[in-house]
Structure formats: C-alpha cells, structure tokens
Amino acid sequence: MFDTVRLKSENIAISKETFTNIENLKTITYFNNETGELNDTYQIKTKNIPYITYITNTRLLIIQVSIPKFLFGENVNVIKLKDINVFWDKLQQELHSLLGVEISKTEWIVQRIDICWNFYVGNKVNDYIQFLGKKQLPYKQTYLINHSETVIYKNKSSSIMFYDKQKECKAKKQSAELIEKTFGILRMEIRPPLNSIKKYSSERQAVQILTFEFFKLNFEKVMGDISFEESQSQIVSCDWLEGQKINRIETVLGFNIIRESLGITKTKELYGSTYYARNKWIQELHLPKENLLPNLLIEWKELQEN
C-alpha cells in the first residue's frame, strides 16, 4: 500500500540534553538575525529511521521512513491494512525510546507519501515495461530508463513509476533469497502531489491519508489512464466495415494511430478543439480492440483482511 512517508509534527518540546548521548547525530547551529539567538537543528539517523530532523526554535520534528523497511527490514513485502496500526505503535515506541517524546498518530502531518504495489506478472515484466514506455499520460513526461528496467511518468509535483523489482535488488546487491523472491514483480510507485493530498485531507493528517480509501482512490486514478488494449487498426474486417461511412473510418483510423503514437497531450496540441470531435467518433465507431497484456488488478478483499 505505502512505502516511504515523510511526516512532520509541530510544537514538540525536546531539551538539548536529550541529544547529548545520541549516536549518528549531526548538529547544525546558525545565528537568527531577528532574535539574536543561536539556534540548533539536530539530524539523526537510526537503524530503523534513516531521517530524523528536529529544529529547536520552531520545535518542529520531521521524520522520513519506509514503512515496510521499518516493519519488515525490507520493502519487497507490501504492507496490508492491518500493518498500519502496527506502524503507528512501533513509531511511537521508537521515538519515545530515542527522544523521550509521546507523539500520537493524530499529530503527524504528511509532507510526502509513496503509494506502492507489487504486481506478479512472471516472465512478462519486460513486456509490461516496454509497453508502458510507449505510453503518454496527460500532463506528464514519459521516461524509459535502460529500455526494460524502469518507466517514469512525471511532472514537477508528482510521479508514477513502474520498474523491475528483481533488477533493482540485483543492482543493490541484496541477498540471493530476496532476489529470488522478487522474480516476476512489476513494482508500481505513485507519488501524488501535495495539492491532491490536501484535497483529500485539508490538514494533511497522516491518520486520514494512510488509509485503504486513499490508496484505492489514487490507484484507480492512475490505472484509469493506463490501458493494455490497442485498437486493431490494421485488422478491420469486412463484416465490421459494412454499414460504416468509409471516409469517417479513414479519418478515425489515422487519428487513432497518431493518438496512440504521440499520446493524448501531444495529440490535443496538434488537433486543438477538433480532438474532442475525433475522440467522439472513435467512441461511436467502437473500433475492434485486442488485449496485448492482462490488466493490472488488485484483490481488494485480500488487502483489507486483518
């Protein structure tokens, strides 16, 4: 469901003495021109939480952590709904042990969240990535990395990524057991923009965002723009042609090839307002389609099991 999260909690009082005996501590001291005071920022890295920052003058605590790594020691396993409460309890215990603070899960605000899922597609991982690498999504640029390893759709505020999880584990020299476990995994990771998170939760409260509903909403939104079907423009049968207007079919087939080659965004730029008329013709004609690859689906009931 979720991988990396970046959370902040405000108005957290931690004394300077607390940081005296903490390992892997970096202290940055700077002069505040307005108050004339020296302020400290503490940066901590622990085994379970690789990023902790505390700013003394604002009493702001920020953490960044991979939830599955925090719970399982690796991020191959995808967390289920039942794991989220375990995460909150363990995080509270860890921070209390380290910094002596009691922070309720209701006090955390989301600064970043990565939504993820593992699709088991066997020996077709490369097929999916190559197919996805040819697609263009609205308002995003498509980047295909190393031909069959990673596809990224991104803009300045958000990204969607599909990649070969086994190849990533091999590159990071993970254990043989973990590499074997990741065979056939097409990994999906979605990083939604902050304004999208705010629309869902105006205060960006983590307890409202780390939920099944938020995950499902973003998954369906992304997969709604991705289809593994293609129109059979080159295999139009005589039976289908009967009763159709030939000049309209010629126009639609040409338009459809352009749209599938360039993507929706570029085609809209080329056609302007005519794009919508041509798109309507396609819907009315019901062009024959074929599924090149099985759709990527999730068993929602399995995800919700406690």
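FYI, side chains are in, hydrogens and waters are out, and symmetry mates aren't considered; it's all heavy atoms of this structure.
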Pair I63, L91 - check side chain to side chain contact (heavy atoms under 4.5 Å, CB included), show working. CA-CA 10 Å; I63 68 161; L91 180 64; 3.6 Å; yes
Quick check on E213: does its CD atom have over 12 non-hydrogen neighbours (other residues, nucleotides or ligands) under 6.0 Å away? yes
Neighbour count above 12 (heavy atom, 6.0 Å) for N195 CG: yes
Applying the side-chain contact (heavy atoms from CB on, under 4.5 Å) test to R112, which of T4, L194, V5 qualifies? T4
To the nearest 0.5 Å, tell me how far D225 CG sits from K140 NZ. 8.0 Å
Between R204 and V110, is there a donor-acceptor pair closer than 3.5 Å when you use the side chain of the first and the backbone of the second? yes
Under a single-linkage definition using a 4.5 Å side-chain heavy-atom cutoff for Ile, Leu, Val, Met, Phe, Trp and Tyr, are V121 and F183 assigned to the same hydrophobic cluster? no
On a heavy-atom basis, the closest approach of I258 and T267 is O-OG1, 3.8 Å
Can a donor-acceptor pair be found, under 3.5 Å and without considering hydrogens, that links the side chain of N218 to the backbone of F215? no
Taking the side chain as everything from C-beta on, heavy atoms only, tell me whether K90 gets closer than 4.5 Å to L71. yes
So, the side chain of N155 versus the backbone of S157: is there a donor-acceptor pair under 3.5 Å, distance only? yes
Classify the angle between the aromatic ring planes of F255 and Y271 as parallel (below 30°), tilted (30 to 60°) or perpendicular (above 60°). perpendicular
For the pair T142 (side chain) and G133 (backbone), establish whether a donor and an acceptor sit closer than 3.5 Å, ignoring hydrogens and angles. no
Please round to the nearest 0.5 Å and tell me the distance separating atom CG of D164 and atom OH of Y128. 13.5 Å
Any luck finding a side-chain donor-acceptor pair between K181 and N77 under 3.5 Å? yes
To the nearest 0.5 Å, tell me how far F72 CZ sits from I67 CD1. 10.0 Å
Can you measure from CZ (F219) to CD1 (I298) and round to the nearest 0.5 angstrom? 3.5 Å
Answer yes if I152 and I185 sit in the same cluster of Ile, Leu, Val, Met, Phe, Trp and Tyr residues linked by side chain heavy atoms under 4.5 Å apart, and no otherwise. no
In terms of heavy-atom contacts, does CD of E102 have more than 12 from other residues, nucleotides or ligands at under 6.0 Å? yes
Which heavy atom of Q111 sits nearest to which heavy atom of I62, and what is that distance? OE1-CG2, 3.5 Å
Is any side-chain heavy atom of L144 closer than 4.5 Å to a side-chain heavy atom of I129? yes
What one should report as the nearest heavy-atom pair of G122 and V125 is O-CG2, 3.6 Å
side-chain hydrogen bond (donor to acceptor under 3.5 Å, both in side chains) for Y51 and T53? Distances and angles first, verdict last. CA-CA 7 Å; Y51 182 94; T53 294; 3.3 Å; yes
Sub-4.5 Å side-chain heavy-atom contact between L137 and I160: yes
Pairwise side-chain contact, I84 with F212, heavy-atom cut-off 4.5 Å (strictly under): no
Donor-acceptor check, side chain of T211 to backbone of F214, threshold 3.5 angstrom: yes or no? yes
Tell me whether the rings of F19 and Y54 are parallel (<30°), tilted (30 to 60°) or perpendicular (>60°). parallel
Look at the side chain of Q208 and the backbone N and O of Q205, then say whether any donor-acceptor pair between them is shorter than 3.5 Å. no
Assess the residue pair Y276 and K268 against the criterion (side chain to side chain contact (heavy atoms under 4.5 Å, CB included)); give the C-alpha distance rounded to whole Å, side-chain angles, the decisive distance to 0.1 Å, and a yes or no. CA-CA 8 Å; Y276 300 98; K268 281 182 178 179; 3.9 Å; yes
Considering only heavy atoms from C-beta outward, does the side chain of T150 approach that of M161 to under 4.5 Å? yes
Less than 4.5 Å apart, any side-chain heavy atom of E189 and any of D3? yes
Quick one: OG on S159 to CG on D114, what's the gap to the nearest 0.5 Å? 7.0 Å
Between W300 and M1, is there shared hydrophobic-cluster membership here, with clusters defined by ILVMFWY side-chain heavy atoms closer than 4.5 Å? yes
Would the number of heavy atoms belonging to other residues, nucleotides or ligands and lying under 6.0 Å from NZ of K154 be above 12? no
Residues, nucleotides or ligands: over 12 heavy atoms within 6.0 Å of E23 CD: no
F131 CZ to I226 CD1 distance, which is reported to the nearest 0.5 Å: 10.0 Å
Steps toward side chain to side chain contact (heavy atoms under 4.5 Å, CB included) verdict (F87, D89): CA-CA 6 Å; F87 165 70; D89 291 341; over 6 Å; no
At their closest point, which heavy atom of P193 faces which heavy atom of S158, and how far apart are they? CD-CB, 3.5 Å
Could you tell me whether a side-chain N or O of T182 sits under 3.5 Å from a main-chain N or O of I179, the two making a donor and an acceptor? yes
Under 3.5 Å, is there a donor on one side chain and an acceptor on the other for K165 and N75? yes
In this structure, would Y42 and I55 fall into the same cluster of hydrophobic residues linked by side-chain contacts under 4.5 Å? no
Salt bridge check: are E168 and K172 linked by an N-O gap of less than 4.0 Å? yes
Measure the shortest side-chain to side-chain distance between S9 and I109 over non-hydrogen atoms and say whether it is less than 4.5 angstrom. no
Taking every non-hydrogen atom, the tightest pair across M223 and F162: SD-CZ, 4.2 Å
Checking L186 against N118 for the side chain to side chain contact (heavy atoms under 4.5 Å, CB included) test, could you report, in this order, the C-alpha distance in whole Å, the side-chain angles of both residues, the deciding distance, and whether it holds? CA-CA 6 Å; L186 176 67; N118 291 338; over 6 Å; no
Please say yes or no: joined through hydrophobic side-chain contacts below 4.5 Å, possibly via intermediate residues, are L132 and V222 part of one cluster? yes
Answer whether the closest heavy-atom distance between the side chains of F70 and E94 falls below 4.5 Å. yes
Taken in chain and number order and not counting sequence neighbours, the residues that satisfy side chain to side chain contact (heavy atoms under 4.5 Å, CB included) with K156 are none
Counting distance only, does the side-chain N/O of E74 pair as donor-acceptor with the main-chain N or O of V76 below 3.5 Å? yes
Is there a donor-acceptor contact under 3.5 Å linking the side chains of D40 and T56? no
Which is it for K105 and E107 under the salt bridge (Lys or Arg N to Asp or Glu O under 4.0 Å) test, yes or no, and what are the steps along the way? CA-CA 5 Å; K105 61 184 180 181; E107 296 179 63; over 6 Å; no
Could you tell me which non-hydrogen atom of A206 sits nearest to which non-hydrogen atom of L7, and how far apart they are? CB-CD2, 4.0 Å
Only one of L210, V207, L61 forms a side-chain contact (heavy atoms from CB on, under 4.5 Å) with W108, so which one is it? L61
